[in-house]
**Student:** 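Have a look at this one.
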Amino acid sequence: MANLGVHFLIVPHLSKTYLDGAGFYLNSNPIIALTLRYDRIDSFWFTLMHELAHIVLGHQGAYLDNLDALEENDEETEANEKATDWLINPQTLNEFIIRSKKVFSRKEIEEFAQNQNRHPGIILGRLHYDKLVSHKNLRQLLVRVSSILGNFTDNFCDSKLDIPQTAEVPTNDDD
């Protein structure tokens with residue numbers, strides 16, 4: 001994102017708020033901030049893709065998004081659709097749902113995720129969202145991203161705001 005001029009921040013969840021992410025411009029530079037309100041892999045990637053979608057789709061202005069209760073307008077709908085399609089190809093997902101006959105085992109989700117080069121938590125998050133799998137099932141696939149990001153978030157949370165100029169995020173081949 002930095003190579004494309006997009007500034008990316010992860011900030012601590014702001015107490016007593018419902019903010020998941022934000023997208024806005026500062027001096028014509030796009031800025032994306034995520035709060036990790038839901039410290040889960042599905043929420044992280046959907047929020048990031050949603051905020052990126054606002055930029056790619058040319059939406060102007062500031063978007064402060066509570067993804068549980070988005071304002072109903074064309075731009076939010078477009079950003080949701082783009083993020084959803086980027087994360088999982090809709091046709092491939094539909095074929096998976098039909099093949100599974102709407103009964104999803106952990107093994108099937110993990111195999112589908114591997115074939116899609118996605119973390120199983122992203123697939124499960126979508127199945128939860130679509131109400132195809134109960135929200136109480138397979139929660140162990142919804143890993144915390146703060147542990148993956150490690151010190152990337154801790155550096156920002158430091159009261160001195162001593163942010164390194166270049167911070168590398170550890171990669172995880174399962175994502």
Side-chain angles (χ1 to χ4, degrees), residues 1-90 93 113 116-126 128-130 142-175:
M1 287 188 284
N3 290 341
L4 297 173
V6 178
H7 298 276
F8 177 58
L9 302 168
I10 298 175
V11 299
H13 172 65
L14 306 169
S15 180
K16 299 181 183 175
T17 72
Y18 299 100
L19 186 64
D20 295 299
F24 56 95
Y25 290 84
L26 181 64
N27 300 329
S28 76
N29 293 317
I31 298 175
I32 293 176
L34 303 185
T35 68
L36 300 185
R37 175 165 73 119
Y38 295 118
D39 187 0
R40 299 186 322 251
I41 197 153
D42 62 323
S43 180
F44 173 85
W45 281 105
F46 184 81
T47 305
L48 178 58
M49 294 297 111
H50 177 90
E51 301 307 337
L52 283 170
H54 281 305
I55 293 167
V56 169
L57 294 167
H59 298 163
Q60 297 297 312
Y63 298 89
L64 304 174
D65 291 322
N66 166 0
L67 295 177
D68 291 336
L70 278 175
E71 184 179 326
E72 292 186 31
N73 63 47
D74 291 343
E75 290 181 342
E76 293 298 351
T77 300
E78 279 184 309
N80 268 352
E81 289 172 0
K82 181 65 81 179
T84 299
D85 291 350
W86 279 340
L87 285 171
I88 308 169
N89 178 287
L93 177 64
Q116 299 306 301
N117 197 26
R118 296 290 182 264
H119 189 280
I122 293 171
I123 305 303
L124 179 62
R126 175 64 184 275
H128 281 165
Y129 180 80
D130 290 344
L142 301 176
V143 299
R144 293 187 175 278
V145 293
S146 59
S147 61
I148 295 168
L149 296 170
N151 289 335
F152 187 69
T153 55
D154 292 344
N155 287 336
F156 188 82
C157 297
D158 185 354
S159 62
K160 297 175 188 171
L161 293 179
D162 185 20
I163 303 170
Q165 292 300 313
T166 58
E168 290 188 29
V169 179
T171 58
N172 183 338
D173 292 335
D174 293 335
D175 292 346

**Student:** For a 4.5 angstrom cut-off between non-hydrogen side-chain atoms, does Val145 reach His119?
**Tutor:**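 No, every pair of side-chain atoms sits at 4.5 Å or beyond.
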
**Student:** Tell me, please, which residues at least two apart from Glu78 pass side-chain hydrogen bond (donor to acceptor under 3.5 Å, both in side chains).
**Tutor:**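 Listed in chain order: His59.
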
**Student:** Going by the rule side-chain contact (heavy atoms from CB on, under 4.5 Å), which residues pair with Tyr25 if we only count those two or more places apart in sequence or in a different chain?
**Tutor:** Pro30, Ile55, Gln60

**Student:** Examine distances only and state if a side-chain atom of Arg118 and a backbone atom of Ile123 form a donor-acceptor pair shorter than 3.5 Å.
**Tutor:**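 Checked: no pair found.
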
**Student:** In Å and rounded to the nearest 0.5 Å, what is the CD to CG distance from Gln116 to Leu93?
**Tutor:** 8.5 Å

**Student:** Mind checking what makes salt bridge (Lys or Arg N to Asp or Glu O under 4.0 Å) contact with Asp130, not counting sequence neighbours?
**Tutor:** Arg126

**Student:** Grab the two heavy atoms, one from Asp42 and one from Ile122, that are nearest each other, plus how far apart they are.
**Tutor:** CB-CA, 4.3 Å

**Student:** Would you say that more than 12 heavy atoms from the other residues, nucleotides or ligands in this model lie under 6.0 Å from the CG of Asp74, or not?
**Tutor:**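 It does not: Asp74 CG has 12 such atoms or fewer within range.
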
**Student:** Heavy atoms only: give me the nearest Met1-Phe8 pair and the separation to one decimal.
**Tutor:** CE-CG, 3.4 Å

**Student:** Hey, does Leu142 have a side-chain heavy atom less than 4.5 Å from the side chain of Tyr38?
**Tutor:**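 Side chain of Tyr38 against side chain of Leu142, heavy atoms only: no contact under 4.5 Å found.
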
**Student:** Tell me every residue that passes side-chain hydrogen bond (donor to acceptor under 3.5 Å, both in side chains) with His128, counting only those two or more places apart in sequence or in another chain.
**Tutor:**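 Scan of His128 (side-chain hydrogen bond (donor to acceptor under 3.5 Å, both in side chains), adjacent residues dropped) gives none.
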
**Student:** Looking at Thr47, Leu52, Leu9, which hits side-chain contact (heavy atoms from CB on, under 4.5 Å) with Ile32?
**Tutor:** Leu52

**Student:** Any chance you could measure Leu34, atom CG, to Leu19, atom CG, to the nearest 0.5 Å?
**Tutor:** 9.5 Å

**Student:** Which residues pass the side-chain contact (heavy atoms from CB on, under 4.5 Å) test with Ala79, not counting sequence neighbours?
**Tutor:**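 With neighbours one apart ignored, the set is His50, Ala53, His54.
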
**Student:** Do you know which two heavy atoms are closest between Asp85 and Pro90, and how far apart they sit?
**Tutor:** OD1-CG, 3.3 Å

**Student:** Glu75: which residues meet the side-chain hydrogen bond (donor to acceptor under 3.5 Å, both in side chains) condition with it, sequence neighbours left out?
**Tutor:**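 Per chain and number, Glu75 pairs via side-chain hydrogen bond (donor to acceptor under 3.5 Å, both in side chains) with Tyr63.
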
**Student:** Roughly how far, to the nearest 0.5 Å, is the CG atom of Asn27 from the NE2 atom of His7?
**Tutor:** 9.0 Å

**Student:** With sequence neighbours left out, write down each residue that passes side-chain hydrogen bond (donor to acceptor under 3.5 Å, both in side chains) with Asn73, or none if nothing qualifies.
**Tutor:** Glu71

**Student:** Take Asp39 and Ser146 through the side-chain hydrogen bond (donor to acceptor under 3.5 Å, both in side chains) test and state the conclusion after the steps.
**Tutor:** CA-CA 7 Å; Asp39 187 0; Ser146 59; 2.5 Å; yes

**Student:** When rounded to the nearest 0.5 angstrom, what distance separates CZ in Phe44 from CD1 in Ile10?
**Tutor:** 5.0 Å

